[in-house]
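For reference, the structure discussed in these notes is given below.
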Amino acid sequence: MNTKIIKIDENNIDTSLIDEGANIIKSGGIVAFPTETVYGLGANGLDEEAVKNIYKAKGRPSDNPLILHISTIEQLYPLVDEIPDLAYTCMEKFWPGPLTIIFKKSEIIPNIITAGLDTVAIRMPDHPIASMLISKAKVPIAAPSANLSGKPSPTKGSHVVEDMMGKIEMIIDGGGTGVGLESTVLDLSTETPTILRPGGITLEDLRKVIHNVVQDRSITNKEEVPKSPGQKYRHYAPNAEMILYTGDVEKIIKKINSDAKYLMDEGKNVGIMATEETKDSYTVGKILVSGSREKSETIAHNLFDILRKFDEYNVDIILAEGIGFDNIGMAIMNRMVKAASGKVIKL
Ligand code: AMP
Ligand code: MG
């Protein structure tokens, strides 16, 4: 397939290009587009054949349901069976934005979207290109992250080109995404409001409006089976092996330095994922800075790009500094633990 790549400036959108993308979606094709979280791989969420092609392009397991993206509240009503009061509160406070809400689904949702579940995940993205594309397509857009299944999610147009060239009709390159991590998935279809995946809207943010919100136990305990099907897969993984170091920063630096030396003596090409505050403490290896510990949003923003960069440098192993689990740190560490396939050294 010939993939058309178009560049759009989010501050000066050429609407005729968005029309072109919307027409592809209306006729059953796939368009990758930027959102404020990561790039999405979009198709008409009510067209079963089109959605099948999303799974195919990504190589995504069919038991991993998709999120439907809307641009107005009116679009929500036909998609869900019930809207709890709490959902109205959350939508008012956090939409448009990086919060996906799980609702009881209506009859019109194809089974392929929900992987057979009786609930559906819905989000209203906060990105001018995404909103315009959805409103011009006039359908809810199913859009998982626009990476090959298992790879780090794309946060730049070039990442999408790497993974999706020749597999989809169009890639809209709108530059870098904002948050850099996927949305928070919040289940409001059951008795207790539960975060199924940590993301751009933090537990602390949600607690301000939902006092009894909890996190699915699988987020902090890997022995638990996740309630959200997608959370059970190895994810976000670079080609290189990765080891994550958590705990006291001074101890992390010491241990990474000594492990790096040992691995290099063994002939390994070692990458170190450092932070602004610690980068000068490392003396060997390919050192890349993920962001600042003081401003962890910067780490969220850069994480997936840095993971892809280590692969470009052909490192064999990445020794990565972990950060604290508070605020956006919870979502960052969730992605890092998965990228490391659970290989975590606690110090
Ligand atoms: P992605 O679009 O690749 O960022 O992944 C979407 C995430 O939402 C995955 O972790 C899915 O398992 C989760 N998800 C989608 N629909 C549902 C649902 N109905 N119930 C629980 N989790 C869902
Ligand atoms: Mg994904």
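One-based numbering, in listed order, for ligands and for the atoms of each. Predicted model, so just to flag it, every value in this text is computed and none were measured.
Note: no N/O pair closer than 3.5 Å links Glu182 and ligand 1 by distance alone. Residue Lys58 has no nitrogen or oxygen atom sitting less than 3.5 Å from a nitrogen or oxygen atom of ligand 1, judged on distance alone.
Under a cut-off of 6.0 angstrom, the local environment of NZ in Lys167 is sparse, with at most 12 non-hydrogen atoms contributed by other residues, nucleotides or ligands. Annotation for Lys136: atom NZ counts as buried by contact number, over 12 foreign heavy atoms lying within 6.0 Å. Crowding of Lys7 atom NZ: a count of heavy atoms from other residues, nucleotides or ligands under 6.0 Å not exceeding 12.
Leu206 and Ile67 sit in two unconnected hydrophobic clusters of ILVMFWY residues. Membership requires side-chain heavy atoms under 4.5 Å apart, directly or through other members. If you chain together hydrophobic residues whose side chains sit under 4.5 Å apart, Val284 and Ile345 fall into the same group. When hydrophobic clusters are built by joining Ile, Leu, Val, Met, Phe, Trp and Tyr residues whose side-chain heavy atoms come closer than 4.5 Å, directly or via intermediates, Val344 is not grouped with Leu319.
Close contacts of ligand 1 with Ile102, meaning ligand atoms under 4.0 Å from a residue heavy atom, involve 17 (C), 18 (C), 20 (N), 21 (C), 22 (N), 23 (C). Applying the 4.0 Å criterion to heavy atoms of Ala121 picks out, from ligand 1, the atoms 15 (C), 16 (N), 17 (C). The Leu117 neighbourhood of ligand 1 comprises atoms 18 (C), 19 (N), 20 (N), with distances under 4.0 Å to a heavy atom of that residue. Taking a cut-off of under 4.0 Å to the non-hydrogen atoms of Thr119, the atoms of ligand 1 that pass are 18 (C), 19 (N), 20 (N).
Note on Ser153: not counted as a metal contact of the Mg ion (ligand 2), no N/O/S atom lying under 2.8 Å.
Donor-acceptor pairing under 3.5 Å is recorded for the side chains of Arg60 and Asn64. Side chains of Thr275 and Glu321: a donor on one and an acceptor on the other come within 3.5 Å.
Taking 4.0 Å as the cut-off, Asn64 counts as a neighbour of ligand 1 on heavy-atom distance. The closest approach between a heavy atom of Lys105 and any atom of ligand 1 is not below 4.0 Å.
The protein heavy atom nearest to atom 2 (O) of ligand 1 is Pro144 CA, 3.2 Å. Protein heavy atom in closest approach to atom 1 (P) of ligand 1: Arg197 NH1, 3.7 Å.
Between Pro65, Ala115, Ala142, Ser145, it is Pro65 that holds the heavy atom closest to atom 23 (C) of ligand 1.
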